[in-house]
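Note: hydrogens, waters and symmetry copies are ignored here, and every other heavy atom, side chains too, is used. As the structure is a computational prediction, the values presented were derived from the model and not from experiment. By convention in this document, chain letters (A, B, ...) are assigned in the order of the sequence lines, proteins followed by strands, and residues within each chain are numbered from 1.
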Number of protein chains: 2
Amino acid sequence: MSDTPSAATRAPAPGRAAFDRDEQRRRKREAVLRVAASAFNRRGFANTSMDDVASVLGVSKPTLYQYFKSKQELLYACHQVAMDNGEAGLALAAAHDGTGLEKLIIYLRRYMEGIFGDLGNCPVLTDVDSLAPEDRANVVARRKRISAATKELIALGVADGSIGPCDPKLASLFALGVVNWIPAWYRDSGPNTPEEIMESFAALLISGLAAPASPKPTRKRAKSQA
Amino acid sequence: MSDTPSAATRAPAPGRAAFDRDEQRRRKREAVLRVAASAFNRRGFANTSMDDVASVLGVSKPTLYQYFKSKQELLYACHQVAMDNGEAGLALAAAHDGTGLEKLIIYLRRYMEGIFGDLGNCPVLTDVDSLAPEDRANVVARRKRISAATKELIALGVADGSIGPCDPKLASLFALGVVNWIPAWYRDSGPNTPEEIMESFAALLISGLAAPASPKPTRKRAKSQA
DNA sequence: AGCTAGCCTGACTCATCAGTAAATATAACT
DNA sequence: AGTTATATTTACTGATGAGTCAGGCTAGCT
């Protein structure tokens, strides 16, 4: 990694150099997180050793500890990214002026985008038990809030008539299940793009599987629209 | 060795004793599996030691090895139970004479029942990587078949008009996601019964979240499509 | 009683990692 | 050049946990 910084590190202020260093450090930290998250996702947290992560990055294990103080902190960072995505979606939904159903879909789309992103796809999500106790409490509380907000969004939709009568709690678990399970099967190399998946899932969430109208429509017209 | 040919033809006593022993053994094996599955589900496979399982049962670790040759075999058994449930559901669906949508719901209900049962709720499902290589191949292949059958069921429904136009592959992942995520949040002590959950989820799968007809619910009559 | 066979246990072995210490390389600035 | 701060490595430690072994207990048979 002979990163030639000759471009910007000429005569200028020592401040610049310090900035570059910080920037480098930030990038490296993110690289570690990205690789670790990916490995955790594929093989599971417990099945991934720090040596594994290090070897993918082409460095030695102690280097990782330069950027994360422990393996658990790495896991915690994964959780934070996922929760950030959830909260970002909620913020987007709150900002949108529309029905509860619209808000819900906006939220879930944003959340899914996060999941499809390199960093966000954490089946590690399930692995709350591997966190340090204090981190776990933190994560559980934050996820509870996100989950409650999802429920509220649905309750709102039921109230404004955009969502049919249902138990908002169960409906939120339904919706989040669909989304949270994505990392369990999605592969970059798969046949469907994230956009296709988000589109299909949003449609299925909204309208379900049942055919729109007639019970036995023999005439099958090619509907080229979703 | 010592295959007593007199077992069944002689006095009743020896046969009975042997039977009782086998029966005992079977029950104990099942108890081990149940406890292990429960522990794996709550704390994760890797976070559960054989000593943990043993102590819950009030026996010592080597005893477990009397019934399962390794921890991985225990995990494999969990997977098998889950897959048995899936296949049982598929068989039920195949036996039912109705639309593709009906078959799909019958299948998923049965599958969910398995998940709610003591033994079947395996978030361990995700942990394919902790299996022995040969077991893993087996599990992956079998799950692929189940997954393909689910897709076929949906394709059938699309063909017979009971299911709206959609990509059967994505729709199956959608449906299985909802179901497979259940173990991640369901607790016996929770407010909802398995029946309520199955009912709600089946309804949501079929009709989605959107309110049935008009934005202002007047009367749900024939829906005209634009 | 005495023998046999299966079941169970305490006390090990051995491998795998998370995390650390000390030494070495690299860059940044004077 | 020398000096300092940072980055990275090799080589360890210590803990945890899967799986084993040799002996002991108990139930059933003769």
Side-chain angles (χ1 to χ4, degrees), chain A residues 1-29 31-32 36 39-40 43-55 57-76 129-132, chain B residues 1-4 6-7 10-29 31-32 36 39-40 43-76 129-132:
Chain A
M1 333 188 155
S2 53
D3 210 53
T4 59
S6 55
T9 55
R10 287 294 296 153
R16 259 314 276 277
F19 175 77
D20 282 354
R21 269 248 265 272
D22 284 357
E23 187 61 16
Q24 290 267 328
R25 201 180 165 76
R26 204 191 54 75
R27 293 171 95 101
K28 285 183 190 173
R29 193 183 141 103
V32 170
F40 292 166
R43 308 210 302 268
F45 178 71
N47 298 323
T48 305
S49 73
M50 291 297 265
D51 278 311
D52 290 340
V53 175
S55 94
L57 286 162
V59 299
S60 67
K61 181 171 60 167
T63 299
L64 304 182
Y65 286 87
Q66 196 88 182
Y67 302 98
F68 291 90
K69 89 176 210 303
S70 70
K71 195 187 175 190
Q72 288 188 326
E73 191 183 88
L74 216 29
L75 178 61
Y76 185 47
D129 294 273
S130 298
L131 288 163
Chain B
M1 304 26 150
S2 74
D3 199 73
T4 61
S6 54
R10 273 287 180 74
R16 263 309 284 276
F19 175 77
D20 282 353
R21 270 248 266 271
D22 284 359
E23 188 60 15
Q24 290 268 328
R25 200 183 166 75
R26 206 193 54 74
R27 294 172 95 100
K28 286 182 190 173
R29 193 184 141 102
V32 170
F40 292 166
R43 309 210 302 269
F45 178 72
N47 298 324
T48 304
S49 73
M50 291 297 264
D51 279 311
D52 290 339
V53 175
S55 94
V56 171
L57 286 162
V59 299
S60 67
K61 184 171 60 167
T63 299
L64 303 182
Y65 286 88
Q66 201 91 47
Y67 303 97
F68 291 89
K69 88 176 212 303
S70 68
K71 192 186 177 192
Q72 288 187 325
E73 191 184 87
L74 215 31
L75 177 61
Y76 185 47
D129 293 272
S130 297
L131 288 164

Does the base of D:dG19 carry an N or O that pairs as donor and acceptor with the side chain of B:Lys71 under 3.5 Å?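 For B:Lys71, whose side chain was compared with the base of D:dG19, there is no donor-acceptor pair (under 3.5 Å).
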Whether B:Lys71 side chain and B:Thr48 backbone form a donor-acceptor pair below 3.5 Å: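 Such a contact is found between B:Lys71 side chain and B:Thr48 backbone.
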Could you check how far [atom1] of [X] sits from [atom2] of [N], rounded to whole Å?
X: A:Gln66; N: C:dA25; atom1: CD; atom2: P; result: 17 Å
X: B:Tyr65; N: C:dT13; atom1: OH; atom2: C1'; result: 13 Å
X: B:Met50; N: D:dG19; atom1: CE; atom2: C1'; result: 9 Å
X: B:Lys61; N: C:dT13; atom1: NZ; atom2: P; result: 14 Å
X: B:Lys69; N: D:dT20; atom1: NZ; atom2: C1'; result: 15 Å
X: B:Gln24; N: D:dT26; atom1: CD; atom2: P; result: 16 Å
X: A:Leu64; N: D:dA7; atom1: CG; atom2: P; result: 14 Å
X: B:Asp52; N: D:dG17; atom1: CG; atom2: P; result: 7 Å

Hey, is the side chain of [X] poking within less than 4.0 Å of OP1 or OP2 on [N], counting only N and O atoms?
X: B:Arg25; N: C:dC7; result: yes
X: B:Lys28; N: C:dC8; result: yes
X: A:Tyr67; N: D:dT8; result: yes
X: A:Thr63; N: D:dT8; result: no

Identify which nucleotide among [options] has an atom closest to any side-chain atom of [X], counting heavy atoms from C-beta outward.
X: A:Pro62; options: C:dG19, D:dT20, C:dT20; answer: C:dT20
X: A:Ser49; options: C:dC8, C:dC17, D:dA7; answer: C:dC17
X: A:Val59; options: D:dT20, C:dT20, D:dT9; answer: D:dT9

Are the side chains of A:Thr63 and A:Leu57 in contact, using a 4.5 Å heavy-atom criterion?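 Side chain of A:Leu57 against side chain of A:Thr63, heavy atoms only: no contact under 4.5 Å found.
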Check whether any side-chain heavy atom of B:Met50 lies under 4.5 Å from a side-chain heavy atom of B:Phe68, and answer yes or no.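 No, their side chains stay 4.5 Å or more apart.
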How long is the span from the CG atom in B:Asn47 to the CZ atom in A:Phe45, to the nearest 0.5 Å?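 Rounded to the nearest 0.5 Å, the CG-CZ separation comes out at 8.5 Å.
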Given B:Leu64, which of B:Val53, B:Leu74, B:Asp51 fulfils the side chain to side chain contact (heavy atoms under 4.5 Å, CB included) condition?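 The passing option is B:Val53.
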